[in-house]
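Computed from heavy atoms alone, side chains included, the values below leave out hydrogens, waters and symmetry copies. By convention here, the first residue in the shown sequence is residue 1.
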Amino acid sequence: MGSNQKDAKDTHELYWKKLAKAEPNEVCGRTEATYSPERKGYILPILNNKYLILPQERKILCFRGDRCEEENFRDYFFLMVLLYLIDAKKDNPTYTWISQAELKGGTTFFRGPHALQVEELREAFGKDPEAFGRAGKQLGGLELLFGDKAFSLTVFPKVPLAYVLWKEDEEFPSQVTVMFDSTIQKHFSLDGIWCLVAEVSQRLLEAKSS
């Protein structure tokens, strides 16, 4: 993704316009969002919260009980939500996990500035798998039997992610990897996948300190 702020905002505007022109029944049929005619927006579960996406107002609100509140979301949160609502297909997850190397084009794309954002997780949790598991649980994670600690997260109704931690020992440094459902590229381009991992990784870090 471009790092220029103006480019990011222009990209947001393009996607907002595209979503505003979309037919709500078609969007909901693909994404498992529901449409609120009163608010003219989509209600979508993301991780362990529900959000109201308002294409006409260019806003995303988070449900807090019966209220909706605006938050300071990161650029890649806006992008992943808009891309999901615009591009997701009807394909359901298989829960067959694949690595970034098994994604078409993944080996060459996820390098340098596009490396998946897991290094901070490795530094934060590398010696504490239990804390890693607790952070995952805060986001609605379900434990998986990989590595020293692993869990799956339902980011969107059609898009689960899995995080796996191998803790540091005398021979090897700690390692965190992300695994993807085999259907991920039905819903997201590689750029979109990068945004998805960047947002979820930051939320795991925030869960550690909450």
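To the nearest 0.5 Å, atoms CG (Leu44) and CD (Glu32) are separated by 9.5 Å. Here CG of Leu61 is found 6.0 Å from CZ of Arg39. Values are rounded to the nearest 0.5 Å. Atom CG of residue Asp181 and atom NZ of residue Lys158 lie 11.5 Å apart, to the nearest 0.5 angstrom. Here the CG atom belonging to Asn48 is positioned 9.0 Å from the CG atom belonging to Leu153, to the nearest 0.5 angstrom.
With a 4.5 Å cut-off on side-chain heavy atoms, Tyr35 and Asn25 do not count as touching. Considering only heavy atoms from C-beta on, Tyr15 comes within 4.5 Å of Ile86 through its side chain. Proximity of Met80 to Phe156: side-chain heavy atoms (C-beta onward) are separated by under 4.5 Å at one or more points.
Checking side-chain atoms of Ser201 against main-chain N and O of Ala198 turns up no donor-acceptor pair under 3.5 Å. Although no hydrogens or angles enter the test, the distance criterion places no donor-acceptor pair under 3.5 Å between the side chain of Thr154 and the main chain of Pro157. Of the possible donor and acceptor atoms, none in the side chain of Glu71 sits under 3.5 Å from a partner among the backbone N and O of Phe73.
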Fill in: Criterion salt bridge (Lys or Arg N to Asp or Glu O under 4.0 Å) on Lys137 and Glu143, from CA distance to verdict
CA-CA 8 Å; Lys137 196 169 183 178; Glu143 190 166 0; over 6 Å; no

Worksheet item: Does the pair Arg134 and Glu130 meet the rule for a salt bridge (Lys or Arg N to Asp or Glu O under 4.0 Å), with working shown?
Response: CA-CA 6 Å; Arg134 288 193 297 273; Glu130 295 310 311; 5.4 Å; no

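The aromatic rings of Tyr84 and His187 lie tilted to each other, with the angle between the two planes from 30° to 60°. By the 30° and 60° cut-offs, the orientation of the rings of Tyr76 relative to Trp194 is perpendicular.
Atom NZ of Lys89 has more than 12 heavy atoms from other residues, nucleotides or ligands within 6.0 Å. Taking a 6.0 Å sphere around CD of Glu120, one finds it holds 12 or fewer heavy atoms contributed by other residues, nucleotides or ligands. Heavy atoms of other residues, nucleotides or ligands lying less than 6.0 angstrom from NZ of Lys167 number 12 at most.
Salt-bridge formation is detected for the pair Glu119/Arg122: a Lys NZ or Arg NE/NH1/NH2 atom is positioned less than 4.0 Å from an Asp or Glu carboxylate oxygen. In this structure, Glu199 pairs ionically with Arg203, as a charged nitrogen and a carboxylate oxygen lie closer than 4.0 Å.
Both Val155 and Val118 belong to a common hydrophobic cluster when Ile, Leu, Val, Met, Phe, Trp and Tyr are linked at side-chain heavy-atom distances under 4.5 angstrom. With hydrophobic clusters built from ILVMFWY side chains whose heavy atoms lie under 4.5 angstrom apart, Tyr42 shares a cluster with Tyr51. When the side chains of ILVMFWY residues are joined at heavy-atom separations under 4.5 Å, either directly or via intervening members, Leu121 and Phe151 end up in a single hydrophobic cluster.
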